[in-house]
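One structure below.
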Amino acid sequence: MILSNGSWSAGIIGTGSYVPEAVLKNSYFEERLDTDDQWIVSRTGIKERRRVRPDIATSDIATYAALKAIEDAKLKPEDLDMIIVATVTPDMAFPSTACIVQKNIGAENAAALDISAACSGFIYGLSIASQFIKYGSMKNILLIGAETLSKITDYNDRNTCVLFGDGAGAAVISSVEEGFGILSTYMGSDGRGGELLKLPAGGSRLPASEETIANSLHFIKMDGSEVFKFAIKIMGEAAEKALSLCGMRKEDIDYLIPHQANIRIIESATKRLKIDKDKVFINVEKYGNMSAASVAVALDEAKRTNKLNKGELVVLVAFGGGLTWGSAVIKWS
């Protein structure tokens, strides 16, 4: 649909998700570390998370989610013009995970690329994809948020290992009815906080060596207290910024889908935005933090459980390593 300014309305026309079958309950950590279920739940809200088999890579679960989203959108893989995969756990440095997914699904007409914005990745990808659609250079874009964080989690580190899980979510972005779809997106970053949440080794700064392996530098390192302080501030701010960009207010929100990192962070954002808890989608207790997949999986689950209705104002918001943050306002179509 052409808008008055000559651009198209971009929106989500299909979603899909996949989580591994293997469930890692808090009891797993009780048996191995100085922690217990009550401690984990009270501080994070997480009761269990999913973990892939050793032979499964990020592209595999991304492919599963992608096929579901394409089917939901009533398209074929050859209808796709682009594939974007948001991930911090790619199969390898190159080729991109998106190129591997392209091969897997037979999307022969699609360009393919990965983006790295940690937990904000899916919303960053949504902003990128919407621009191609709005200005008519592409018709159908497949966006995937997929992570196998179990591959880079140190299960001897009590402060991080209880937080993360594996999963993939996908959405097809295309043109939608005028007045509907993605009304605004907002992205931000602060590289000064990069040291707070990182994977130190494996890149050009610290290539793999006996020393990096011995010092467990190929696992996630996080300053939890500082990341928490950042998150409770930025989640609400980012949502309010995206709302202001499209002339909406927090009172207009019908449904909030936040990054599923920690129940206390979600509750803080909910309080700042002054919205009822029944308008907030929460699945952190089942999956933990799936980084770029968190918002994507939550969006698909909200859609499949009929929580999103046409014309409602839906807000997505996330924060992540970088530090990064992003939000999007969607009039559901």
Side-chain angles (χ1 to χ4, degrees), residues 10-19 45-50 61 64-74 86 119-123 125-127 129-130 142-147 165 167-174 176 180-185 235-236 238-239 242-243 248 250 252-263 265-267 269-270 273 275-319 326-333:
I12 294 169
I13 65 168
T15 64
S17 63
Y18 173 83
V19 292
I46 302 168
K47 297 180 180 178
E48 57 189 42
R49 68 288 293 148
R50 302 298 179 96
I61 62 175
Y64 299 148
L67 291 172
K68 291 180 180 179
I70 294 167
E71 180 182 10
D72 188 49
K74 297 179 174 56
C119 308
S120 308
F122 185 78
I123 295 176
L126 192 64
S127 183
S130 68
L142 173 65
L143 169 63
I144 308 167
E147 303 285 13
V172 177
I173 296 89
S174 188
V176 297
F180 289 83
I182 301 162
L183 303 184
S184 68
T185 60
M235 286 273 277
L243 287 164
M248 297 293 179
K250 56 189 177 184
D252 298 320
I253 299 173
D254 291 304
Y255 214 68
L256 176 69
I257 302 179
H259 173 45
Q260 308 289 313
N262 182 304
I263 190 62
I265 295 171
I266 295 172
E267 289 172 346
T270 301
L273 296 171
I275 58 177
D276 295 335
K277 291 182 179 180
D278 59 1
K279 292 184 177 181
V280 183
F281 191 86
I282 300 173
N283 62 9
V284 67
E285 74 282 357
K286 296 189 298 182
Y287 306 129
N289 183 346
M290 296 183 289
S291 187
S294 282
V295 169
V297 171
L299 176 67
D300 180 55
E301 290 195 342
K303 178 178 178 292
R304 287 191 287 107
T305 52
N306 299 313
K307 297 185 183 299
L308 309 179
N309 301 301
K310 185 173 182 178
E312 290 185 336
L313 202 70
V314 181
V315 175
L316 315 181
V317 63
F319 69 93
S327 53
V329 179
I330 304 169
K331 189 173 183 181
W332 197 252
S333 56

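Computation of the quantities below employed the complete heavy-atom set of this structure, encompassing side-chain atoms and omitting hydrogens, waters and symmetry-equivalent molecules. Here the structure is a predicted model, which means the values were calculated and not measured.
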Side-chain donor or acceptor of Gln260 paired with backbone N/O of Pro258 under 3.5 Å | yes

Lys310 and Phe180: CA distance, side-chain angles, deciding distance, side-chain contact (heavy atoms from CB on, under 4.5 Å) verdict = CA-CA 9 Å; Lys310 185 173 182 178; Phe180 289 83; 3.8 Å; yes

Ala242 versus Ser184, closest heavy-atom pair with distance | O-OG, 2.6 Å

Could you give the distance from CD1 (Ile330) to CD1 (Ile257), rounded to the nearest 0.5 Å?
-> 7.5 Å

Which is it for Ile253 and Leu243 under the side-chain contact (heavy atoms from CB on, under 4.5 Å) test, yes or no, and what are the steps along the way?
-> CA-CA 9 Å; Ile253 299 173; Leu243 287 164; 3.8 Å; yes

What heavy-atom pair brings Tyr287 and Arg49 nearest, and what distance separates the two atoms?
-> O-CB, 3.4 Å

Are the charged groups of Lys303 and Asp72 less than 4.0 angstrom apart, N to O?
-> yes

So which of Ile182, Leu308, Val176 actually passes side-chain contact (heavy atoms from CB on, under 4.5 Å) with Ser333?
-> Val176

Taking C-beta and beyond as the side chain, do Val329 and Leu313 meet within less than 4.5 Å on heavy atoms?
-> yes

Donor-acceptor contact below 3.5 Å, side chain Ser294 vs main chain Asn289 | no

In Å and rounded to the nearest 0.5 Å, what is the NZ to CG distance from Lys307 to Asp278?
-> 9.0 Å

Please say whether the positively charged group of Lys68, taken as NZ for Lys or CZ for Arg, lies over the ring of Tyr18, i.e. under 6.0 angstrom from the six-membered ring centre and within 45 degrees of the axis.
-> no

Taking atom NZ of Lys47 as the centre, report whether more than 12 heavy atoms of other residues, nucleotides or ligands fall under 6.0 Å from it.
-> no

Is there a donor-acceptor pair under 3.5 Å between the side chain of Ser130 and the backbone N or O of Ala10?
-> no

Looking only at heavy atoms, the pair that brings Asp300 and Ser17 closest together is OD2-OG, 2.6 Å

Show your working on side-chain contact (heavy atoms from CB on, under 4.5 Å) between Trp332 and Ile12 and close with a plain yes or no.
-> CA-CA 8 Å; Trp332 197 252; Ile12 294 169; 4.2 Å; yes

In Å and rounded to the nearest 0.5 Å, what is the OG1 to NZ distance from Thr270 to Lys279?
-> 12.0 Å

Which distance, rounded to the nearest 0.5 Å, do you find between the CG of Asp276 and the CG of Leu256?
-> 12.0 Å

Atom pair OG/CE of Ser327 and Met235 - distance to nearest 0.5 Å | 10.0 Å

